[in-house]
Amino acid sequence: MKKLFAILFALVLMISLTVCGNAANASPVATSGKPSPWAEEDVNRAGSLGLLPSALNSAYTQNITRAEFCALAVPVYEKAAGAEITQLRDFTDTTDISVRKIGGLGIVQGVGNGAFNPEGEIARQEAAVILANLMSALGKPLPESEPSFADRALIDSWALAAVGQMQSSGIMAGTGSNNFSPKGEAGKYTREQSIATLLRVWDMLGADEPQDLSTPQPGQPDDPAETRILVAYFSNTGTTEGIAKQIGEATGGRLLQILPETPYSPADLNYNDNNSRANKEQNDKAARPAIQDGTLIDIDRYDTVYLGYPIWWGQAPKIMRTFLESGDFTGKTIIPFCTSDSSGIGSSDTNLHPFAPSSTWKAGKRFVADASEADVKDWIDSFALMMGGTVSSFNLAAGRNGKAPTVRLNSGYDMPIVGLGTYILLGEVCVNSVVSALQSGFRKIDTAYMYSNEESVGEGVRRSGIPREEVFVATKLYPNQYAYAETAIEEALDKQDLGYIDLMMLHHPGTNDVEAYKAMERAVKDGKIRSLGLSNYYIKEMDDFVSKVEIMPALVQNEIHPYYQENEVIPYMHDMGIVIEAWYPLGGRGHTTELFENETIAAIAKAHGKSPAQTILRWDLQKGVVAIPGSSNPDHIKENIAIFDFELTDAEMSRINALDRGEKHDWY
């Protein structure tokens, strides 16, 4: 998480090592083509290791720029990781490939409005943050520690943790008299200091043995684009910061502290002085306190923004308006929160809406300083926010025939986006179908109490030889079980005999459905169920239901196929952070032949060399709908998961979308 506020130049900073002494921490500006005597050995070694870009082969004592530091960081990462950086990020003011690579890793951020400021020079505190980011990106995060420098008060709060890590690890020393000199002239770094720092990073990484980063390393997100959640906050006394950190921890979101260019002093906040800075700002509609350039970020990287602030005289500080006007929040979901010992959130959140009018604003929440983690988490859960990725579209490029990609549920668990439906499969037929599906690459199985095959599904999972933890099994309670849901849950666990249930749903609305769902919620807390969902709930049913329960459903399973598309229900569920899944994706009993012979579907299937079934399933996935086709035929089962080697065009998607008749094939 500490990767966030980086400005990539941490490597640069590490030269402050005691090895280099005070000479290494000076900031000479001469432009001689030779390094200082103390740095000559480091420069030669960096060159021999292939870590010295040609752009730095002169003027070693010159202060290093942001772009130059990226040029140093790229070979460190690529050689240590044993892989080239392919995730690139665009900036408006540079096309430098090193900048785009390091930006793509999230090790360094821009300076706002999509810019990078490549010629800007680096401060020591910025370098500390980036260094910590680089170490984390390579799977070697440094232990947390508080800095003990005499000038600690001069270190910005967003850099404190990283500076502490540098000090405790011995990567960076002070600049004399136990000072760190975080910024200003004394806080700049030179090219030779950056090179020396680079080598200490290299040595600490054990980089002579390249790491395999094909799977996520500790401290790395699964998605190279990192989290899509931002926790942005202004905190003057630390109260709001405490709540923001709890939110960041619970959501996996990136923390961003909004720092004023001119910090607020106690006199600035004197409530009783009408001429105090804060009073003047709060009374001035046009006031826009400036934000430090280094704390602005590229908002395009995020879908959801938690926005935190203290209550000042009943409203949000005017710096929050500055922040909202600093980027384009169009299409973002913004969730305000405030801190106050006495005042409620009042109109402070709604009065911010005009400054991001094209965003989706959620109702705000006020927290006291000592709000518990449980209070914060319960509030977060009420929004069903995703811990990563999105539920409205899938990473289909990550799939291959025989292996479906996954979607992250709001419960935090990953679920395959193609599964085997087992409706009407009984006894050995069901067992064999499950075995066939799992051995063909399926990792999701759907069953239900009403199907009378939970035992067979469990047996099929065990017989398949696939480890239990690799299989996602969903089941459902039927309305005639709602009155004794606790017992019904235990019966499902016993029948499946798989240790736990990945996803349990209510089969459709009925008497006592809320009470049954609450029983499932208790089973989640007991570790018996991992995720909760609903089946055959539509917009009206959901509106009536969700306000009465604690855990937001992770998935809603409804009838969806080309003749019944639910084009209003799908975005409604997606906007709530709920995955939508299609039962009867191929039309259902008695209707599949008609659907397969539809001229439009048959023509599109022929154009791709695929079957009508494969074409329909691919259409589902490209609409952001999970599909669970049922079959007992091993050939059809294999065919149903061989849908990742082709893609429907926009025109083809539109042609299938045009087939919607509003024609349901079952009564639910």
Side-chain angles (χ1 to χ4, degrees), residues 381-386 390-392 407 409-411 413 415 417 419 421-423 444 446-451 472-483 485 488-489 492 501-524 529-561 563-585 588 620 623-628 630 660 662-668:
D381 289 344
S382 70
F383 291 108
L385 292 175
M386 301 305 294
T390 174
V391 299
S392 61
V407 61
L409 302 175
N410 61 33
S411 58
Y413 291 97
M415 182 188 76
I417 62 174
T422 64
Y423 180 50
K444 172 176 164 60
D446 180 82
T447 181
Y449 164 78
M450 196 60 182
Y451 301 169
F472 190 102
V473 179
T475 191
K476 310 172 195 72
L477 296 183
Y478 204 68
N480 62 8
Q481 297 178 294
Y482 293 171
I489 292 167
I501 294 169
D502 292 283
L503 170 68
M504 178 168 270
M505 293 171 272
L506 300 182
H507 209 125
H508 58 73
T511 304
N512 296 318
D513 57 356
V514 171
E515 289 74 14
Y517 192 90
K518 289 181 177 179
M520 296 195 306
E521 289 178 331
R522 292 190 289 273
V524 169
I529 302 173
R530 292 188 168 181
S531 304
L532 301 182
L534 302 169
S535 186
N536 303 298
Y537 281 68
Y538 302 89
I539 294 176
K540 181 182 183 301
E541 290 82 0
M542 286 295 292
D543 281 342
D544 293 341
F545 188 85
V546 295
S547 63
K548 302 173 184 176
V549 299
E550 180 181 347
I551 299 176
M552 181 67 76
L555 177 145
V556 168
Q557 180 193 94
N558 288 342
E559 179 180 346
I560 298 174
H561 48 75
Y563 289 167
Y564 188 75
Q565 297 187 18
E566 291 202 347
N567 288 318
E568 292 183 0
V569 177
I570 292 171
Y572 171 86
M573 299 300 176
H574 285 164
D575 286 346
M576 297 177 71
I578 298 173
V579 171
I580 190 81
E581 181 174 83
W583 57 260
Y584 276 1
D620 276 310
K623 281 176 73 77
V625 175
V626 173
I628 49 170
D660 190 12
E663 180 180 296
K664 278 184 68 65
H665 293 161
D666 218 321
W667 66 272
Y668 291 128

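Just so you know, residue 1 is the first one in the sequence shown, and it goes up from there.
- Of the possible polar contacts, none joining the Ser531 side chain to the Leu503 backbone as a donor-acceptor pair under 3.5 Å is found.
- Remark: the backbone N or O of Asn558 is not paired with any side-chain donor or acceptor of Asn536 at under 3.5 angstrom.
- Across all their heavy atoms, Ala582 and Ile628 have their closest contact at O-CG1, 3.3 Å.
- Rounding to the nearest 0.5 Å places OG1 of Thr475 at 6.5 Å from CD1 of Ile501.
- Contacts of Pro571 classified as side chain to side chain contact (heavy atoms under 4.5 Å, CB included), with partners at least two apart in sequence or in another chain: none.
- Every residue meeting the ring pair (Phe, Tyr, Trp, His ring centres under 6.0 Å) condition with Phe545, not counting sequence neighbours, appears here in chain and number order: Tyr517, Tyr537.
- Judged as a side chain to side chain contact (heavy atoms under 4.5 Å, CB included), and not counting sequence neighbours, the contacts of Lys548 are Val514.
- With sequence neighbours excluded, the residues that form a side chain to side chain contact (heavy atoms under 4.5 Å, CB included) with Ala516 are Tyr482, Ala485, Leu506.
- A donor-acceptor contact closer than 3.5 angstrom is absent between the side chains of Asp666 and Tyr564.
- For the atom pair OG (Ser392) and CE (Met573), the distance works out to 14.5 Å, reported to the nearest 0.5 Å.
- Scanning both residues, Pro509 and Pro479, for their nearest heavy atoms gives O-CG, 4.4 Å.
- The shortest non-hydrogen separation linking Gly533 to Met520 is O-CE, 4.3 Å.
- Under the salt bridge (Lys or Arg N to Asp or Glu O under 4.0 Å) criterion, Glu541 pairs with no residue, sequence neighbours left out.
- By the salt bridge (Lys or Arg N to Asp or Glu O under 4.0 Å) test, Asp544 is found to be paired with Lys540, residues two or more places apart in sequence or in another chain being considered.
- For Asp513, the salt bridge (Lys or Arg N to Asp or Glu O under 4.0 Å) criterion is met by no residue, not counting sequence neighbours.
- Test Asp620, Val626, Ile560 against Ile580 for side-chain contact (heavy atoms from CB on, under 4.5 Å) and you get one pass: Ile560.
- Partners of Lys476 under the side chain to side chain donor-acceptor pair (under 3.5 Å) rule, at least two apart in sequence or in another chain, are Asp446, Tyr451.
- The two residues Ala474 and Met505 make their nearest non-hydrogen contact at CB-CE, 3.9 Å.
- In this structure, Lys444 forms no cation-pi arrangement with Phe472, as its terminal cationic atom is not both closer than 6.0 Å to the ring centre and no more than 45° off the ring axis.
- Using a 4.5 Å cut-off on side-chain heavy atoms (C-beta onward), His507 and Tyr449 make no contact.
- The minimum heavy-atom distance between Tyr538 and Glu566, with the atom names listed, is CE2-OE2, 2.5 Å.
- Taking Tyr423 as the reference, Arg589 meet the side chain to side chain donor-acceptor pair (under 3.5 Å) condition, with sequence neighbours excluded.
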Chi angles and distances behind the side-chain contact (heavy atoms from CB on, under 4.5 Å) call for Met415, Leu555: CA-CA 10 Å; Met415 182 188 76; Leu555 177 145; 3.5 Å; yes
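- Here the rule is side-chain contact (heavy atoms from CB on, under 4.5 Å) with Tyr572, and of Met576, His574, Glu568 only Met576 fits it.
- Looking at every heavy atom in both residues, Asn410 comes nearest to Pro553 through ND2-O, 3.0 Å.
- In terms of the side chain to side chain donor-acceptor pair (under 3.5 Å) criterion, Asn480 has no residue partners (sequence neighbours excluded).
- The NZ atom of Lys518 lies 12.0 Å from the CD1 atom of Ile551; values are rounded to the nearest 0.5 Å.
- Not counting sequence neighbours, the partners of Glu515 by the side chain to side chain contact (heavy atoms under 4.5 Å, CB included) test are Asn512.
- Residues Lys664 and Tyr563 are not in side-chain contact: their nearest non-hydrogen atoms beyond the backbone lie 4.5 Å or more apart.
- Among residues two or more places apart in sequence or in another chain, the ring pair (Phe, Tyr, Trp, His ring centres under 6.0 Å) test is passed with Tyr584 by none.
- Once rounded to the nearest 0.5 Å, the distance linking CG of Asp502 with OG of Ser411 reads 9.5 Å.
- With respect to Val556, the side-chain contact (heavy atoms from CB on, under 4.5 Å) criterion is satisfied by exactly one of Val569, Ile570, Ile578: Ile578.
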